[in-house]
Amino acid sequence: MKYDHKPVEKKWQNIWEEKGVFHAETGGDKPKFYALIEFPYPSGQGLHVGHPRPYTALDVVSRKRRLNGYNVIYPIGWDAFGLPTENYAIKNHIHPEIVTRDNVKRFKKQIQSLGISFDWSREINTTDPEYYKWTQWIFIELFNHGLAYKHEAAVNWCTSCKCVLANEEVVNGVCERCQSEVVRKVKSQWMLKITEYAERLINDLDLVDYPERVKAQQKNWIGRSTGAEVDFQTTTGSKLTVYTTRPDTLFGATYMVIAPEHPFVNEFAGKITNLDEVKAYQDAAARKSDFERTELAKDKTGVRLEGVMAINPVNNKEIPIFISDYVLVSYGTGAIMAVPAHDTRDYDFAKAFDLPIIEVVAGGNIEEEAFTDCATGIMVNSGLLDGLSVEEAKIKITQWLTKNEVGHAKVNYKLRDWVFSRQRYWGEPIPIVHCEKCGYVPIPKSELPLRLPEIDSYEPTETGESPLANITEWVNTKCPCCGGDAKRETDTMPQWAGSSWYYLRYMDPHNSEALVGKEAMDYWKQVDWYNGGMEHTTLHLLYSRFWHKFLYDIGVVPTKEPYAKRTSHGMILGENGEKMSKSRGNVVNPDEIVEEYGADTMRMYEMFIGDFEKAAPWSASGIKGCRRFIERYWNLQTIMTGDTKIRPELESNFHKTIKKVGDDIENIKFNTAIAALMALINDITETGSITKEELRIFSILLNPFAPHVTEQVLEDCKLSACMITDESWPEYDEAKCKDDTVEIVVQINGKTRSRFIISSDASSDEAISAAKSDAKIAEAINGMTIIKELYVKGKLVNLVVKPN
RNA sequence: GCCGGUGUGGUGGAAUGGCAGACACAAGGGACUUAAAAUCCCUCGGUGGCAACAUCGUGCCGGUUCAAGUCCGGCCACCGGCACCA
């Protein structure tokens with residue numbers, strides 16, 4: 001009996017759509033379950049087989065949870081602002097809105113062919129003015145709370161995108177999107193004060209169920225460190241403050257280093273006797289790109305500021321001051337005390353410049369290298385700290401600094417504020433005007449959305465301004481505050497804006513009065529399970545946690561965290577084991593798979609391909625095994641008997657499989673869930689028949705993976721009219737998960753020597769004596785002394801013996 | 001350098017400290033067929049053996065244990081993230 005997937009899949013997709021079975025209702029008695037996948041960016045290339053992996057995974061969970069009696073919301077939308085669309089629009093002279101519309105249409109058709117149980121009635125699009133109205137609304141709130149500010153600073157400038165980038169978007173000194181060179185450029189930019197939330201973004205990781213690697217990566221990125229700020233007086237009469245994590249080594253500070261951009265240089269230019277040399281070094285440092293800076297990281301360079309000295313507060317010794325680009329202006333105070341004996345970088349610098357190295361922690365060999373291990377050393381040459389451990393010394397010196405008012409304990413973060421403006425067209429306009437008199441003023445909320453103006457050219461400008469700057473009639477406006485002449489902000493928001501809060505809009509996507517209505521917010525609360533890629537850990541995931549916390553602070557959302565649980569999928573690679581990409585020519589289009597094998601087979605294969613969290617190469621032959629399985633399942637119909645019970649010989653097998661499939665789905669072990677179903681079908685087929693009840697249960701277990709064919713089989717066999725509305729997830733009985741008899745392995749000294757069958761509730765004594773009476777064992781232990789006898793219930797007997 | 005992860009057959013991958021290789025793919029052999037496809041059956045980590053079986057085997061070296069892929073210590077390799085962050 002040949003299975004023709006095309007009419008069956010089409011038919012059930014239509015039925016689900018007509019009945020609206022996946023439309024989530026806000027409210028009701030059932031427990032709610034909010035499943036979320038990262039909404040796609042509708043690119044021009046269409047879907048590749050990597051996209052459906054997470055969609056299918058949470059679809060499996062969602063479908064199972066519906067059968068478990070949950071009120072499930074599983075929404076989807078489009079993260080449609082962004083550069084590829086804009087660049088395509090420029091190249092082909094089509095409006096990005098039209099490009100977006102066409103791409104969305106194609107993506108939607110492709111996704112719908114897979115039978116994912118998305119609630120399409122909640123579909124959103126970040127480029128829809130009714131959507132970005134609320135993105136702008138949040139920006140205005142951020143501004144009103146002092147968390148959005150305009151700041152002139154050196155920013156990352158992508159030479160190809162002609163646009164600034166957030167720190168998170170610069171990878172190895174190049175643009176993460178186009179791999180072009182990133183240079184530093186001083187520009188006035190909108191910034192978001194994510195640093196204000198650094199501590200909470202770390203601490204609240206304790207409130208959520210994320211994989212350890214995600215938590216670690218976020219903590220690492222935020223980069224919390226504890227230490228102290230210490231004031232050094234200088235011979236200019238003005239002080240320099242440094243940050244250190246090793247205040248215990250203060251007596252070993254033999255010089256100071258400040259960043260080339262540090263304002264101290266200009267402030268005391270008159271006192272510096274080698275100013276030309278210093279200026280030359282500053283210029284050279286400024287000209288280096290980020291890439292060059294990282295490349296040249298090894299060799300220490302710098303210039304001493306002649307004519308000025310710093311004074312170490314603990315011993316009043318004068319020490320020289322250098323500028324060097326190994327000290328970053330953006331971290332700490334932009335100045336350090338250098339302790340060459342106990343810091344590798346300072347050690348290298350001191351060797352290069354022939355500076356004194358004073359050991360203050362004994363335990364290493366500072367003739368050879370810096371001794372940086374702070375767990376084992378004992379303080380020396382350090383006055384009041386001598387004899388203490390490093391940890392004790394840190395506490396004592398910090399108290400001393402505080403008491404003498406020359407320093408205090410300090411926490412620092414690597415996290416920088418978020419550079420939020422982009423000099424491009426296809427993004428949300430920033431709803432701010434600049435008035436000579438009133439400064440930066442948000443537009444009234446009643447004027448939201450502030451729509452993107454129609455425009456002839458979306459080309460980025462060479463001057464580094466947004467294309468919007470050319471539309472004078474749009475730029476020139478009145479100040480909402482004083483009514484005088486004012487200019488609109490012409491930069492737009494980054495792609496990360498719309499995706500920082502989209503999960504909230506799904507709760508109430510058509511509300512024109514509020515971002516989310518109170519009823520919907522109180523009911524859905526937060527996302528229960530969010531699956532997404534590791535590549536978003538320090539971008540989208542961090543940004544949206546920040547926005548959510550802000551929305552919590554201003555009373556818009558009731559939870560501290562947006563996502564209760566996060567899981568991450570591995571990539572699907574090309575058949576050659578490389579990342580799938582057009583340029584490598586190894587892209588597999590899901591349309592062809594759905595056409596040839598059907599959506600059910602496609603879904604099964606993507607779930608069976610390997611460990612969900614790890615990357616796995618696509619295999620054209622591997623998918624055939626899943627198609628064979630679907631066909632074997634389909635053909636069970638032909639051997640169905642009228643019996644309405646599970647046969648006793650299969651009972652424990654069924655109970656075990658119900659337990660395993662359910663547990664495995666919840667633990668994202670989809671591959672072993674499917675393996676269990678395959679093993680069960682093998683056992684069923686071996687009997688030559690299947691009962692009605694067996695087929696019904698098996699179909700429900702398989703349904704989350706292969707929803708179309710299972711519906712059809714239930715209908716054909718008159719077992720159920722509709723899986724989703726009429727069936728529920730089967731229960732298992734723990735007591736029935738075990739067999740009456742078990743095979744026991746008999747080991748002698750830990751090596752398997754024989755095996756036998758015994759009743760599964762046999763006692764230890766029974767099992768051991770049965771083992772000893774086994775012919776092979778009896779022979780093997782003949783002439784031996786038994787030292788120890790072990791019985792592991794239902795598993796094995798181990799006899800420890802030695803020769804007489 | 002720091003943080004996280006991985007290492008098991010020809011391949012993808014299974015194994016609450018308890019029979020290593022479940023479940024698949026590929027390969028080889030056979031049945032059916034005029035033939036092919038499909039399907040069904042058998043074999044499938046290495047070595048020795050006709051076989052029963054023996055023996056070795058989860059990156060490397062040690063350790064704990066009656067028993068280690070799994071736990072502990074020390075290495076090696078690869079992948080991901082961060083990186084002159086004081």
Side-chain angles (χ1 to χ4, degrees), chain A residues 2 171-172 211-225 227 242-247 249 253 257 259 293-294 296-300 324-328 330-339 342-346 348-349 372 412-416 534-535 537-538 570-571 575 577 604-605 608-611 613-626 628-629 631-632 635 669 671-682 685 743-755 776 787-801:
Chain A
K2 182 95 178 104
V171 176
N172 295 329
E212 201 42 54
R213 57 185 173 145
V214 172
K215 289 190 182 184
Q217 214 167 296
Q218 287 208 343
K219 282 182 192 167
N220 209 309
W221 182 258
I222 296 167
R224 183 182 199 271
S225 74
V242 304
Y243 172 70
T244 178
T245 56
R246 296 292 305 275
T249 61
V257 186
R293 259 205 174 190
T294 33
L296 300 169
K298 308 289 167 268
D299 300 322
K300 297 284 176 290
S324 170
D325 62 4
Y326 87 90
V327 172
L328 308 175
S330 55
Y331 184 75
T333 61
I336 62 156
M337 63 175 206
V339 185
H342 305 289
D343 181 284
T344 312
R345 297 150 303 181
D346 297 344
D348 294 344
F349 191 89
T372 57
N412 255 320
Y413 304 92
K414 292 186 198 171
L415 186 70
R416 302 269 70 89
M534 282 305 289
E535 70 275 18
T537 301
T538 54
M571 243 189 301
E575 288 215 67
M604 288 277 297
Y605 179 58
F608 187 61
I609 195 167
D611 184 337
E613 297 189 87
K614 291 199 205 113
W618 183 263
S619 160
S621 55
I623 195 163
K624 288 184 188 149
C626 289
R628 275 180 211 144
F629 171 76
E631 281 171 11
R632 291 181 69 196
N635 286 324
K669 302 188 81 171
N671 54 338
T672 50
I674 291 171
L677 289 168
M678 287 173 167
L680 180 56
I681 209 173
N682 289 345
T685 322
E743 190 184 56
I744 299 293
V745 166
V746 187
Q747 298 181 332
I748 293 173
N749 292 342
K751 293 208 172 194
T752 304
R753 283 293 177 264
S754 185
R755 54 199 76 203
K776 271 183 258 173
I787 305 165
K788 203 165 179 179
E789 299 170 340
L790 290 119
Y791 175 58
V792 180
K793 196 163 167 44
K795 293 250 168 69
L796 62 73
V797 169
N798 189 11
L799 304 175
V800 185
V801 300

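As the structure is a computational prediction, the values presented were derived from the model and not from experiment. By convention in this document, chain letters (A, B, ...) are assigned in the order of the sequence lines, proteins followed by strands, and residues within each chain are numbered from 1. Values reported hereafter were calculated over all heavy atoms of this structure, with side chains retained and with hydrogens, waters and symmetry mates removed.
Here rG9(B) is in the syn range [glycosidic angle within 90° of 0].
Taking only side-chain nitrogens and oxygens, Arg753(A) comes nearer than 4.0 Å to OP1 or OP2 of rU55(B). Within the structure, a side-chain polar atom (N or O) of Ser225(A) is placed less than 4.0 Å from OP1 or OP2 of rA86(B). Lys788(A) has a side-chain polar atom (N or O) that falls below the 4.0 Å cut-off from OP1 or OP2 of rC66(B). Proximity of Tyr326(A) to the phosphate of rA86(B): no side-chain N or O atom is located under 4.0 Å from OP1 or OP2. The phosphate of rC25(B) has OP1 or OP2 within less than 4.0 Å of a side-chain N or O from Arg628(A). Listed pair Asn671(A) / rA22(B) fails the phosphate criterion, with no side-chain N or O lying under 4.0 Å from OP1 or OP2. Applying the 4.0 Å criterion to OP1 and OP2 of rU39(B), one finds that Arg632(A) has every side-chain N and O outside that range. Applying the 4.0 Å criterion to OP1 and OP2 of rC56(B), one finds that Lys751(A) has a side-chain N or O inside that range.
Considering only heavy atoms from C-beta on, Met534(A) comes within 4.5 Å of Val214(A) through its side chain. With a 4.5 Å cut-off on side-chain heavy atoms, Val797(A) and Leu799(A) count as touching. Side-chain contact between Ile609(A) and Asn671(A): absent, with no pair of heavy atoms (C-beta onward) separated by less than 4.5 Å. Taking 4.5 Å as the limit, every side-chain heavy atom of Gln747(A) sits out of range of all side-chain heavy atoms of Leu790(A).
No N or O donor and acceptor, one from the side chain of Lys219(A) and one from the base of rC3(B), sit under 3.5 Å apart. A donor-acceptor contact under 3.5 Å is not formed by the side chain of Asn220(A) with the base of rC82(B).
Rounded to a whole angstrom, the distance from the C1' atom of rG49(B) to that of rC61(B) is 34 Å. Taking atom P on both rA26(B) and rU39(B), the two are 10 Å apart, rounded to the nearest angstrom. Using atom P as the reference point in both rU11(B) and rG7(B), the two lie 14 Å apart (nearest Å). Spacing of C1' atoms, rG9(B) relative to rG46(B), comes out at 10 Å, to the nearest Å. To the nearest whole angstrom, the two C1' atoms, one in rA27(B) and one in rC19(B), are 27 Å apart. Atom P of rC53(B) sits at a distance of 47 Å from the matching atom of rG4(B), rounded to the whole Å. Rounded to whole Å, the separation between the P atoms of rU64(B) and rG12(B) comes to 35 Å. Taking the C1' atoms as reference points, rU65(B) lies 16 Å from rG73(B), given to the whole Å.
Whole-Å rounding puts the Lys414(A) NZ to rA83(B) P distance at 7 Å. Remark: C1' of rC3(B) and CD1 of Ile222(A) are 14 Å apart, rounded to the nearest angstrom. Residue Phe629(A) contributes atom CZ, which lies 9 Å from atom P of rA24(B) at whole-angstrom precision. Between the P atom of rU39(B) and the CD1 atom of Ile681(A) lies a distance of 14 Å, rounded to the nearest Å. Rounded to an integer number of Å, the gap from Lys614(A) NZ to rG13(B) P is 7 Å. Taking atom CD1 of Ile674(A) as the reference point, atom C1' of rC23(B) lies 10 Å away to the nearest angstrom. Rounding to whole angstrom units, CZ of residue Arg246(A) and C1' of rA86(B) are separated by 11 Å. Between the CG atom of Asp611(A) and the P atom of rC23(B) there is a distance of 19 Å, rounded to whole Å.
Within 4.0 Å (heavy atoms only), Glu789(A) reaches no atom of the nucleic acid at all. Residue Lys669(A) is in sugar-phosphate contact alone, with no base atom involved, counting any heavy-atom pair closer than 4.0 Å across all strands shown. Counting any heavy atom pair closer than 4.0 Å across all strands shown, Ala615(A) reaches sugar-phosphate atoms only and no base atom. Within the 4.0 angstrom heavy-atom criterion, base atoms lie near Gln747(A). Contact annotation for Phe349(A): no contact, since no heavy-atom pair falls under 4.0 Å across all strands. Counting any heavy atom pair closer than 4.0 Å across all strands shown, Leu796(A) reaches a base atom. Counting any heavy atom pair closer than 4.0 Å across all strands shown, Asn682(A) reaches sugar-phosphate atoms only and no base atom.
Checking rU55(B), rC23(B), rG13(B) against every side-chain atom of Ala616(A), the shortest atom distance belongs to rG13(B). When distances are taken from the side chain of Lys776(A) to each of rC66(B), rA86(B), rC53(B), the shortest belongs to rC53(B). Checking rU16(B), rA86(B), rA22(B) against the side-chain heavy atoms of Lys795(A) singles out rU16(B) as nearest. For Ala216(A), the side-chain atoms get nearest to rC3(B) when compared with the rest of rC23(B), rC3(B), rC84(B). The listed nucleotides are rA26(B), rC84(B), rC66(B); the one nearest the side chain of Leu790(A) is rC66(B).
For the side-chain contact (heavy atoms from CB on, under 4.5 Å) test with Asp346(A), the passing option among Ile336(A), Thr249(A), Val257(A) is Ile336(A); the others fail.
Here the side chain of Gln218(A) pairs a donor or acceptor atom with the backbone of Thr537(A) at under 3.5 angstrom.
Thr752(A) approaches Val745(A) most closely through the heavy-atom pair CG2-CG1, 3.5 Å.
A residue-by-residue look at Gly625(A) and Leu415(A) shows that Gly625(A) has its nearest nucleotide of RNA chain B further toward the 5' end.
Helical stems of RNA chain B (runs of at least 3 Watson-Crick or G-U pairs, donor-acceptor distances under 3.5 Å) are listed by first residue: B:1-7 with B:76-82, B:10-12 with B:23-25, B:27-31 with B:39-43, B:45-48 with B:53-56, B:59-63 with B:71-75.
For Lys300(A) and Tyr326(A), the positive end sits near the middle of the six-membered ring, less than 6.0 Å away and at most 45° from its axis.
Here CE of Met678(A) is found 5.0 Å from CE of Met604(A). Values are rounded to the nearest 0.5 Å.
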